[in-house]
Amino acid sequence: MSPEATDRTRRGARARTTRRGFLALAASAGLAGCNGFGYFSDDRGPTVEGAALSEVASTDPPTVTERFPVEVEQSYLDEAAATAREHLSAVPAPLDESDVPNGVIRQEVSRLYEEATEALADAAEATTTADAMGRLRDAREDARAAAAAWAAIDGDLDREAVRASIPTVRRALEEFQFRWRYVGQAPVRAVLAHAQIEERVGFAGRRLRGAGEHHRRYRRRPDNPLAIGEFAGEVESARAAIDDAAYVYDRYVASLGDPRPIGEGLRAVGESLVETLDERREALPGEPHAEASSLVDRDVEGTPIAEALTGLRDAEYADGLDDELATGRRASVVLSVHDTLAQVRAFERLRERVADGEFVRVETIEDVRTIRDAAVDAVAAAADSERHSRLDRRLLASLGDFGYADRQIEEYADRDQVPVDWLVPDLSYYVAIEARAREVPAASATVAEAIGSEL
Amino acid sequence: MVPLTRRRLLQGATAAMAGLAGCGESVTDTATDSASVPPEDGDRTIPDHRTVRNAENRPPVWFRDVDATTETASDDDPPTHRDGRGFVAGTEDADRLRYADVEGAEAARQFVADTDFGEATVYVLARPVRECLTLELCNVSWSERDVEVDFGSRHRDADVSCRADAHDGVSVLIRIPEALDPDEVNSYGSSWGSGPCRVRRRPPDGDGTTTEAPDYGPKTRTNATETTEAER
């Protein structure tokens, strides 16, 4: 996904689980439909009971969360929430007809207000620091958008005033970038911490560029209060990201007893890992978007493993990596390679297992259960490994959404008999999760070694 | 970039005009979230036109069927948006037009009356428009057999009292600068975008934007002396 698209998918508690390659896998898994046995034919092949499916998907899957590499104080989060609430207090909610006679505009400002309120609630209940910070940034954006729209309606704010605030925010971003240094102590933690900072700096930079374009694009409706609100919200989200980046950096540096410069080392780690990844990618068999039959010698068409294979094959390159290299985000480069190596290894190993005959053609509910249990067990086993737990956990936290596949399976729960063929795309999801979970320790070991050799 | 969720929410109602195609006619009606204008300055290529708005969701300008046997009946039946589409290629057609008693109707009647039908044709069409939005004419293109119209819309002012879920009927009368034969025209298309008419983006004229990737890492001041890589 493009960086811009990723920015907006961070809403809600499952912010992290839909990153990068796995989304491509989800898309490919969902596309293949009722092949093999015709949808309308009488011969539908083996079937399973809908009720049994519901039971299989009912056990809680393991959830692993990524540990934030820096300690974030509750007081900082409270401050961000207070900023959002201050914006909201400027809006005389709930709005009525006398406030804003235009029903559509009134509805939209109210919606922004509600979204901000919901984001604040989500942040308060967030189970990870990253989620809390992300939702607080959303809250600030929407609250400011609502407040700015209201101010525009009231005649207190115009587009030019918002535009005039952009250079100030841009300067704040630059000032931070000038005082930010690649310093660290424990190498892996350093990579994780700077990656968090880079992500927020990138977000702020993109938002500011977008806001500038917004101003040009909407010059034909200069007075529309909703456009002004949206514009102001974009600038506010950049401000929030800069605040967060600076806070994370300052907290990180304060936690270091003996910081040393690591910028050159970071660059070298990234270079070496990208080289490793390129070699692995070049050695991959088959073309992107190949059929499973061209990837293995066995007849696996119509099995979950076939779709998992093609999905992993196609998602084999981190699509954010080029942008990270181009924009100097050295730590993010390392982590993107980490993500992709795990995926490439998962593909390679899955292919080997197929060649060894280790795959099932799903025919019974037990087969379905076996596939799901294998994924659950693989995630649990990888999570138990203490060796490179920080690196492992970041991969495990974004392996893919058990919940997604479970919900797909449960769609069929009301049916008496479900052709197994219909389940193949959803089961391939579990196979992919399992394949990737199994490679987490090895991928982390490779990355940890590269980091350790330079930093 | 406009966040996807917000753009979707700012879209007005989709252009759900039901049952417009008749025998031998093809009608396409699409809704997108932006409408285009041709590369030249938009105003020059948009024909002269008038817009009339009816607080009821019915066309304020419509054609009355001239069938003698149903003349009384159709006078009583409220017009549908389909009744609001047609061509005025001469005074006979003009005589079939009816106008609701609303603001702008008289100006529309005069607009039709002032048309030189030897050189122009008035194309009339109607559509529902959300009470809180205005209709903008972005583009008109035509041939002997086909007329295509693109609309955009804007929010009406915040002070305009309007309901979010209600629709007005809007008629648009477009003076096409060509004497078309209405019998030859058998294809009509109109599209509606929830945003204002988009001007096609011109490439920047050397305003200094570079194609270099931005730098999202730590920065060093270029005028600092001897800033080594190790300090980054």
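Keep in mind that the numbers below use all heavy atoms, side chains included, and drop hydrogens, waters and symmetry copies. Bear in mind that the values here come from a model prediction, so they are computed numbers and not experimental data.
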Can you tell me if [atom1] on [X] sees more than 12 non-hydrogen neighbours from other groups inside 6.0 Å?
X        : atom1 : value
A:Glu97  : CD    : no
B:Asp114 : CG    : yes
B:Glu103 : CD    : no

* **Candidates B:Arg156, B:His155, B:Arg163 - the one meeting side-chain contact (heavy atoms from CB on, under 4.5 Å) with A:Val104** => B:His155
* **Contacting region of B:Asp165 [heavy-atom separation from chain A under 4.5 Å]** => neither
Which heavy atom in [X] sits nearest to a heavy atom in [Y], and how many Å separate them?
X        : Y        : value
A:Pro101 : B:Ala158 : CD-O, 3.1 Å
B:Ala164 : A:Gln107 : CB-NE2, 3.4 Å
B:Asp215 : A:Thr327 : OD1-O, 3.5 Å

Determine whether [X] and [Y] make a side-chain contact, defined as any pair of heavy atoms from C-beta on separated by less than 4.5 Å.
X        : Y        : result
A:Asn224 : B:Arg154 : no
B:Lys219 : A:Trp180 : no
A:Glu198 : B:Tyr216 : no

Straight-line distance of [X] [atom1] to [Y] [atom2], nearest 0.5 Å:
X        : Y        : atom1 : atom2 : value
A:Arg106 : B:Cys132 : CZ    : SG    : 7.5 Å
B:Asp159 : A:Asn102 : CG    : CG    : 9.0 Å
A:Arg181 : B:Thr220 : CZ    : OG1   : 7.5 Å

